Each structure stands twice: as C-alpha cells, then as structure tokens.
4 protein chains.
Amino acid sequence: MSRDFNRVILMGRLARDPEVRFTPSKQKVARFTLCTGRQWKNKVTGELQSHTDFITVTAWSFTADLLERYVKKGSQILVEGRISTRDYDDVKTGQHKWVTEVVAENIVLLGSPRRDGDQSGSYQQQNYGGQQPYQHQAQQQSDAMPAPDMGSLRNEGGFDDGFPLDFSELGGGADQSGDVEIPF
Amino acid sequence: MSRDFNRVILMGRLARDPEVRFTPSKQKVARFTLCTGRQWKNKVTGELQSHTDFITVTAWSFTADLLERYVKKGSQILVEGRISTRDYDDVKTGQHKWVTEVVAENIVLLGSPRRDGDQSGSYQQQNYGGQQPYQHQAQQQSDAMPAPDMGSLRNEGGFDDGFPLDFSELGGGADQSGDVEIPF
Amino acid sequence: MSRDFNRVILMGRLARDPEVRFTPSKQKVARFTLCTGRQWKNKVTGELQSHTDFITVTAWSFTADLLERYVKKGSQILVEGRISTRDYDDVKTGQHKWVTEVVAENIVLLGSPRRDGDQSGSYQQQNYGGQQPYQHQAQQQSDAMPAPDMGSLRNEGGFDDGFPLDFSELGGGADQSGDVEIPF
Amino acid sequence: MSRDFNRVILMGRLARDPEVRFTPSKQKVARFTLCTGRQWKNKVTGELQSHTDFITVTAWSFTADLLERYVKKGSQILVEGRISTRDYDDVKTGQHKWVTEVVAENIVLLGSPRRDGDQSGSYQQQNYGGQQPYQHQAQQQSDAMPAPDMGSLRNEGGFDDGFPLDFSELGGGADQSGDVEIPF
DNA sequence: TTTT
DNA sequence: TTTT
C-alpha cells in the first residue's frame with residue numbers, strides 16, 4: 001500500500017480567517033478554505049470562462065500556529081501537502097459522509113489581503129503578541145515598499161527579514177494527523 | 001483570481017474499474033477511485049499505523065479513452081491533475097452538497113492488478129479491440145518477465161513498446177471539463 | 001521509455017532580466033536564472049544557515065513572450081516545468097559538457113522587484129505597447145494598493161484584472177523545444 | 001529569501017548502480033543518474049521523436065541507505081526532492097564550474113530492472129544482509145505474483161509487505177546536505 | 001555572471 | 001559515463 005505517492009501544491013487566497021481548534025488530545029488544528037481560480041477559453045464559442053475551486057485545507061501543530069498568527073481572510077499562500085479522505089456518520093441526518101481535504105505539510109506566505117475599506121482597519125487592530133510581522137512593517141512604509149509580501153514559513157527552515165528567526169516559542173510537536181480525531 | 005496554482009500528483013491503484021459516461025454534449029468522461037496508502041509510526045506508542053485515502057478522479061476525452069482501454073480495478077497509475085470542487089442540490093435529500101475531486105490531465109500507466117484467484121480470470125477475458133497491450137504480452141510470459149508494467153500514456157507524448165504508437169483512432173477532442181455538466 | 005515522469009515547481013526571483021533569443025528556425029526562447037533560497041538550522045551547532053540555488057530556466061514561444069514583456073530582474077514568479085539535460089562539445093576548450101536546466105511550461109507572475117533608487121526609474125521607462133500592465137498601475141497608486149502582485153499567465157488560461165485578457169497579439173506557436181537547437 | 005519554493009518529482013530508471021560515498025564528517029551520500037524519457041510528435045513533419053534526460057540525483061543518510069540496499073542499475077523509482085546548485089573550482093582545468101542536481105528527500109521504489117541474461121544472475125547473487133526484500137520474495141513466486149514491484153520507502157512513513165517494517169538499524173541522522181562537503 |  |  002505504500003508504493004504510493006500523494007502530493008498537492010496549491011497557491012491561492014483564504015476565503016475566510018482560519019478556524020483553530022484542539023483535538024481531545026490537545027493537538028492544535030487549523031482549518032480554512034483556499035480559493036483557487038482558473039480561466040479558460042471555451043473551445044467552441046471562444047468566450048472567456050472562469051471557475052473558482054474552494055479547497056478545504058487542514059494544518060497541524062507548528063503549521064497551525066503559523067496560520068493562526070500570520071494568515072487571515074484574503075491572504076495569499078502556497079500550500080504543499082497531501083489529499084486526505086475520511087468518512088463519518090452524520091448524527092443529525094443519519095447519513096454516511098465522505099470528506100476530501102488537503103493536509104498542509106508546508107506553507108509559504110505570499111501576500112496580505114487587499115486593504116479596501118474596513119478590511120484594512122480590522123487588520124491594523126490585530127495583535128501579533130509583541131512581534132511585528134513583516135507584513136505590518138510593510139504597511140507602515142507602504143508608499144515606499146511595493147511588495148508587501150510575507151516571508152516564507154517552513155517547518156524545517158529559517159525565516160525572512162520581518163519575521164522572527166526563532167519560532168521555538170511556538171507550539172512544537174509533530175503532525176499526528178493520522179492518529180487523531182479531527183474536530184471539524 | 002488567476003495568480004493561482006493548483007497541481008496534484010498521485011500514485012496508487014484503482015479501487016474499481018473506471019466508469020465511463022458521456023455528457024449531454026457527447027464529451028466522454030471516465031471516473032474512478034484511486035487508493036493511496038500511507039503508513040506512519042505513532043509518536044507515543046511507537047506502533048505502526050496505516051490509512052488509505054480514496055480519491056475520486058475524473059478524466060476527459062483522450063485521457064478517458066486511455067483509461068477505458070488500458071486501466072482497470074487494481075491497476076497502478078500515476079495521475080497528474082488538479083483539484084476541482086463543485087456544488088449541487090441533491091434532489092433526493094434536498095441538501096446542498098459539495099464535491100471535491102481530482103481532474104486528471106496526464107496519466108502514466110505503471111502496473112497491472114494483482115492476479116490472484118478469479119481476478120486473473122476476468123482479466124484474461126478482456127478484449128482490447130485487436131491491439132495487444134503491453135500488459136497482455138507480459139502475462140503470457142509472466143514466468144520470465146518480472147516487471148509487467150504498462151507503458152506511459154501522455155496526451156502530448158509518444159508511447160512505449162507494447163502500446164500503439166498512434167492513438168489517432170481514439171476519441172480526440174480537448175478537455176472541456178470546465179464548460180460542461182458532469183454526469184456523475 | 002515513457003512510463004516516466006518529470007515535473008518541477010519552483011518559486012523564486014530572477015537574478016537578471018530574461019535574455020531572449022531566436023533559434024535558426026525563428027523560435028523565440030527566453031532564458032534566465034531563478035534564485036531560490038533555503039534556510040535550515042545546523043543540527044549540531046544550532047546556528048541558522050542559508051543557501052541560494054541558481055537555477056537556469058528556459059521558456060519557449062508564448063511563455064517566452066510573456067517573460068519578455070512582464071518579467072525582469074527581481075520579479076517573483078512561480079515556474080512549472082520539467083528538468084531537461086543536454087550535452088555538447090565546447091569548441092573553445094574541446095571539452096564535452098553537460099547542461100541541466102528547467103524548461104518552463106507554465107508561469108505565474110507573483111510580484112514586481114523592489115523599487116529602490118534607479119531600479120524603479122528604469123522600470124517606469126519601459127513601454128508595454130499601449131497596455132498598462134497591472135504592475136504599472138500598482139505603482140501609480142502604491143499608497144492605496146497593498147498587493148502589487150502580478151496576475152497569472154498560463155498558456156491555456158485567461159487573465160487577471162490589470163492584464164490584457166487577450167494575448168492573441170503575442171507570438172503564438174507551440175513549444176517545439178524538443179525539435180530545435182538551443183541558441184545559448 | 002525564504003518566500004521561495006523548490007520541488008521536483010521524477011519517475012524513471014537508474015542508468016547505473018548508485019555510487020555511495022562518505023563526507024569527511026561521515027555522512028553517507030548516494031549518487032546516481034536517473035533516466036527520464038519523453039516523446040513527442042514533431043509539429044511540422046509529424047514524426048515521432050524522443051529524448052532522454054539524464055538527471056543527477058543525490059541522497060543522504062537514511063535515503064542513501066535505502067538506495068544502497070534496494071536499488072540498482074535499471075531500477076524504476078519515483079524521486080521527490082529539490083533542485084540544488086553549487087559551484088566549485090576544478091583544480092585540474094582551473095575552471096570555475098556549476099553543478100545542478102536533484103537532492104532526493106523521498107523515494108518510492110517501483111520496479112526491479114529487467115532480468116535478461118546475466119543481468120538476472122547478478123541480481124540473484126546480491127546479498128541483502130539477512131533481510132529478504134519484497135523484491136526477492138517476488139522472484140521466488142514470480143509465476144504467481146504478477147507485480148513484483150517494490151514497496152515504498154519514505155523517511156517518515158512505514159513500509160510494505162515484503163519490506164522490513166523497522167528500519168531503525170539503518171543509519172539514521174538527518175539530511176545535512178546543506179552543511180557539508182559533497183564528495184563527488 | 002546572481003535575486004530578496 | 002547512461003536506463004527501459
């Protein structure tokens with residue numbers, strides 16, 4: 001069964017702020033929907049068409065911490081992970097249901113959400129626990145800085161300018177997503 | 001919306017024979033479930049655990065033709081594609097439902113199913129329309145040939161020994177998966 | 001031979017402006033070096049270390065047009081492609097040499113280079129044939145626009161806000177990278 | 001620097017047996033050339049053309065152990081990794097040289113080489129240190145087993161039937177490829 | 001020959 | 001220096 005391979009690479013924007021929960025065994029899980037757009041020309045009529053895929057993504061422990069801290073509705077990120085499926089009995093309807101989602105194993109932060117109207121306001125209010133993320137710096141000098149991209153956050157790697165170099169204060173622990181009840 | 005990216009690469013085995021249908025506009029679609037296994041050691045107890053993901057895959061036109069001809073329950077394949085989501089109203093239950101599946105854009109055939117018991121029998125019976133696929137040859141000399149792998153079938157590419165080099169007799173037409181009702 | 005698979009996905013920044021040339025048969029080729037950074041903590045000393053990979057990327061026809069128009073030194077892009085190797089005899093040294101490079105089959109434009117000093121100046125001078133690219137707009141209103149990302153440019157797809165929706169005026173022609181002498 | 005991404009997925013066959021060496025700091029490294037074939041139809045003449053890419057792959061510690069034990073000339077494998085570049089001064093010619101290679105982070109074993117003539121013989125002779133690999137079992141019952149594929153060997157995962165479930169006796173240690181002199 |  |  002393990003001569004198999006399962007790899008997903010997605011780049012898009014969050015449909016909403018990530019939702020963070022804990023499993024009974026205290027594992028942190030973040031969950032969000034990633035929007036991925038696609039355009040094509042209709043072969044017959046020639047008109048331009050488009051579709052957005054809304055992909056459910058789940059992240060654990062360290063990666064969940066990072067999402068919770070630095071990512072919100074509208075953030076552009078790259079997700080590397082795998083497709084995961086599971087089934088359960090929906091107690092409300094009595095139906096047996098299947099869920100297909102992406103488990104993020106690695107995330108690269110690419111850009112802040114568009115700031116238009118109050119979206120921007122709610123953003124500034126946010127408290128990042130004493131650490132000024134790169135993104136925040138960028139805003140302060142936004143007239144000079146053209147690319148308010150966020151740095152990259154890899155589990156195994158180091159980190160960019162505006163970001164803390166040491167994430168050891170963040171919840172560690174390995175991805176035990178396979179061993180554990182998913183609280184969504 | 002199209003500064004986005006959506007790429008999936010899977011390798012596994014078919015849970016069942018592919019199911020082939022046509023859209024109202026006569027587009028051929030193949031659909032199947034790909035089994036992808038995964039193992040890991042429980043970090044606490046140390047015991048080996050495993051899980052299989054059952055991933056729904058859909059393929060169009062040319063790729064659907066190839067699946068229909070050369071792939072069956074148990075076949076090992078590599079799928080390159082994208083994650084696609086769609087929603088619909090389930091007329092039976094009145095519920096609004098979301099579907100997440102993989103659209104195959106490229107397929108590599110890797111191996112035949114295990115032949116044990118009657119599985120093998122049903123295999124031999126199959127008729128490949130006059131062309132002897134590589135896989136079939138391999139069976140005839142299975143005592144001598146250790147690797148009854150199938151060749152690779154790429155939309156843009158050429159093809160391996162046992163396979164026909166010219167697929168022009170196969171149903172052509174481009175992937176119009178975005179323009180079309182999905183008949184599943 | 002073709003039960004094989006070869007896929008590369010890179011995200012980084014251009015070390016220099018792309019260089020554009022033509023093959024004897026008038027195929028347009030663009031070539032550039034993509035910088036991809038990586039950090040890790042030394043397992044023994046614990047100190048943070050980093051390395052940059054300088055990856056040669058080559059693009060053909062339509063993709064070469066897009067690179068020539070919209071991408072320059074410092075631009076952040078995602079490249080999807082394949083690894084390609086070739087050998088030749090270096091007439092100067094008489095040595096036989098091997099080249100490993102990435103052939104881009106798909107490109108997503110992510111961000112403009114940092115504008116500091118004259119870099120910005122030379123940027124503004126550039127003429128985009130009457131069409132104002134998204135990136136250019138972003139500069140003009142950079143105090144209001146937080147995310148001067150560029151749209152996505154896929155061969156098969158449509159395109160984003162600031163970008164032209166119809167690239168038919170761009171040099172067409174398919175990628176014939178396999179049939180042709182590489183003029184670098 | 002680390003808003004970057006670098007991912008490679010290759011499937012092909014080994015051009016030769018892997019070569020294993022040690023760094024001055026006793027890190028084990030395996031190196032081999034992976035052959036990846038590709039076919040296409042010439043757009044003008046319509047004739048089928050083909051090319052093989054010969055890609056240098058490097059693997060460390062645990063993955064190097066697995067390659068050393070279970071993989072040889074002709075073996076079919078899937079490699080997941082990253083592109084790595086480095087430069088050095090060739091003391092013999094006095095030239096400055098650039099090397100582009102793939103660092104394998106994950107490997108899936110897919111198939112044994114074809115056994116024809118003495119190739120088969122040398123294969124049987126091989127000693128796997130007391131452990132019977134899946135592949136070996138497969139040979140013994142090759143008349144009944146149609147798919148003598150090898151199992152999957154992932155750093156983080158568990159393992160398939162014929163393979164040992166516990167690789168703890170293998171040289172552990174993390175990939176320190178970034179910190180270390182490469183002895184090739 | 002290297003980007004941020 | 002190349003595999004099937």
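A, B, ... follow the sequence lines: proteins, then strands. Residue 1 opens every chain. Just so it is clear, the structure is predicted and the values come from calculations on it, not from any experiment.
When rounded to the nearest whole Å, the span between CZ of C:Arg31 and C1' of E:dT2 equals 14 Å. Separating the NZ atom of D:Lys73 from the C1' atom of F:dT2 is a distance of 8 Å, rounded to the nearest angstrom. Distance, C:Ile83 CD1 to F:dT3 C1': 16 Å, rounded to whole Å. Per the geometry, CZ belonging to D:Arg38 stands 20 Å off P belonging to F:dT4, to the nearest Å. If you take CZ of D:Arg13 and P of F:dT1, they are 23 Å apart, rounded to a whole angstrom. Look at CG on D:Leu14: it is 15 Å from P on F:dT2, rounded to the nearest Å. Nucleotide F:dT2 holds its P atom 15 Å from the CG atom of D:Asp53, rounded to whole Å. The distance between atom CH2 of D:Trp98 and atom P of E:dT1, rounded to the nearest whole Å, is 7 Å.
Residue D:Ala15 has its side chain nearest to F:dT3 when only F:dT1, E:dT2, F:dT3 are considered. With F:dT1, F:dT3, E:dT1 as the candidates, the nucleotide lying closest to the side chain of D:His96 is E:dT1.
Scored by the side-chain contact (heavy atoms from CB on, under 4.5 Å) test, C:Asp90 finds C:Tyr88, C:Lys92, C:Thr93, C:Lys97 as partners (sequence neighbours excluded). For D:Ser84, the side-chain contact (heavy atoms from CB on, under 4.5 Å) partners are C:Arg38, C:Asp53, D:Val103, not counting sequence neighbours.
Between D:Glu80 and C:Arg7 there is no salt bridge, since no side-chain N of the basic residue sits under 4.0 Å from a carboxylate O of the acidic one.
For E:dT3, the base has a donor-acceptor partner in the side chain of C:Thr52 [N/O atoms by modelled type, under 3.5 angstrom].
Screening C:Leu78, C:Thr36, C:Ile9, C:Leu10 against D:Phe5 for a side-chain contact (heavy atoms from CB on, under 4.5 Å) leaves a single residue, C:Ile9.
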